[in-house]
Amino acid sequence: MTAASRADCERLDREDPIRAFRDRFRLPEGLIYLDGNSLGALPKKAAERVAKVVDVEWGEHLVDGWLKDNWMGLSETLGDKIAKLIGAEDGEVIVVDTTSINVHKVIAAAMLMRPERRTLLTDKGNFPTDVYMAQGLAEFVERQHRVKVVEEDALEASIDEDTAAVFLTQINYRTGRLYDMAKITAAAHAKGALAIWDLAHTAGAVPIELNKIQADFAVGCGYKYLNGGPGAPAFVFAPKRHHDKVRQPLTGWLGHANPFEFGLDYKPAQGIRQWRASSPPILGIVAMEAGIEDLIEFGIDKVRAKSLALTGLFMQLIETRLAQHGFSFATPRDEMRGSQVALRHKNGWPIMQALKARKVIGDFREPDIVRFGFAAPYVRFVDVWDAVEHLSQVMAAEEWKKPQFQAKKWVT
Ligand SMILES: *Cc1c(COP(=O)(O)O)cnc(C)c1O
């Protein structure tokens, strides 16, 4: 994707086959929002539906809502919709808990499926919570497992006869590097290990085929490219071929085969329902639903095509217009990238603060990464142009040196 002027970008926006998608979101006037990889924007319909559920379902129906409004079935009906975005079937995805808690469940399930093996393998680029959850499990019972964390390029060679599971995040949260899931899943299977995928930066941005590649388990995050809102519930994928064999450790009452019998012996539910432990967070699930339906309507392939065009254009403009300012790319230049571009710069923190003061919203990740997320449903080509223009001005005038941009904050 190339564009030599802002007018070129305006033309690209006019020709964009999913340009109407942006109108489905509420976006503050004048803001260039390039942080949908951290917290997705608000679908207008989400606000309306939550208001209705609060007012009518909770307000009027009260406890009858569990059946009358299908509250008890929502984790599964929304799971079936997410399944369409990630190459899974109905009954293989359920919306429950949070990403970290679901990581705990799938890794523990994999440990039980490979009882003679002791290694849980991941890479140094994985998101810390995934690694922490595995470490917690390895230390908690029996203390026979170890979590092995290797360099990304050493990963495949590190899978061996002791590897119970390889657990990875497909798209690196810092750099945006994208793993070939089919290749790594096949490499794990060739050694008898299971392959577990965290789709936090994949779901809603990059189409994948979990069943075609025979992934064993996956988890994903609701509040990034799925636009489910702050603290949105997450999801679990467990393929039908594992349903009869698998057990997960958080054996709460709603994962029981007959929760309303209130018996005192746990017996897992059939199918995907076993992955539920507690009462579903209805308001959170309702808030997620509209954004996911919109992704299905506009098409995840079109979202991906536009995202590659946006990130490609951004990289091209950075290269041509900011060559003198000490940036380097942490994101691969080829198509093995997700929907974000990460730039390295030794003054990354104050540079991002100066951009935010100009209403260009990205974020910063230690030690030196300035991250820009390009959520294709609502980011325009002119936004890419304008963001680069702001960044050029911040660098040319050394605006980032101002004292108010230096102090580190708690949330980066
Ligand atoms: C964002 C993210 C999470 C978030 O976990 P929560 O439990 O929802 O806070 C987990 N894993 C990865 C890879 C992420 O990018």
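Atoms within each ligand, like the ligands themselves, are counted from 1 in listed order. Values below: every heavy atom of this structure, side chains too, minus hydrogens, waters and symmetry copies.
Listed by atom number, the atoms of ligand 1 under 4.0 Å from Thr169 heavy atoms are 13 (C). Atoms of ligand 1 found under 4.0 Å from any heavy atom of Ala200, numbered from 1 in the order shown, are 2 (C), 12 (C), 13 (C), 14 (C), 15 (O). Heavy-atom proximity to Tyr223, at under 4.0 Å, picks out these atoms of ligand 1: 1 (C), 4 (C), 5 (O), 6 (P), 8 (O), 9 (O). Of all atoms in ligand 1, numbered sequentially from 1 with element shown, those under 4.0 Å from a heavy atom of His201 are 15 (O). Those atoms of ligand 1 with a heavy atom of Thr129 less than 4.0 angstrom away are 10 (C), 11 (N). The Ser100 neighbourhood of ligand 1 comprises atoms 5 (O), 6 (P), 7 (O), with distances under 4.0 Å to a heavy atom of that residue.
For Phe262 and Phe260, the gap between ring centers is short of 6.0 Å.
Using modelled atom types, one finds no donor on one side chain facing an acceptor on the other under 3.5 Å when comparing Tyr33 with Asp383.
Two residues are said to be in side-chain contact when any heavy atoms from C-beta on lie closer than 4.5 Å; Leu31 and Ile361 meet this criterion. Asn211 has its side chain within reach of Glu89: a pair of non-hydrogen atoms, C-beta onward, lies under 4.5 Å apart.
Among protein heavy atoms, the minimum distance from atom 5 (O) of ligand 1 is reached at Thr99 CB, 3.5 Å.
Residue Lys224 has at least one nitrogen or oxygen atom sitting less than 3.5 Å from a nitrogen or oxygen atom of ligand 1, judged on distance alone. Residue contacts with ligand 1: Asp198 is placed with a nitrogen or oxygen under 3.5 Å of a nitrogen or oxygen of the ligand (distance criterion only).
Ring geometry for Phe21 against Phe298 counts as parallel: the plane angle stays under 30°, on a 0 to 90° scale with 60° as the upper cut.
Test Arg344, Lys408, Arg174, Arg371 against Glu366 for salt bridge (Lys or Arg N to Asp or Glu O under 4.0 Å) and you get one pass: Lys408.
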Val206/Ser339 under side-chain contact (heavy atoms from CB on, under 4.5 Å): CA gap, chis, key distance, verdict: CA-CA 8 Å; Val206 179; Ser339 201; 5.7 Å; no
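With a heavy-atom cut-off of 4.0 Å, Val103 does not touch ligand 1 at all.
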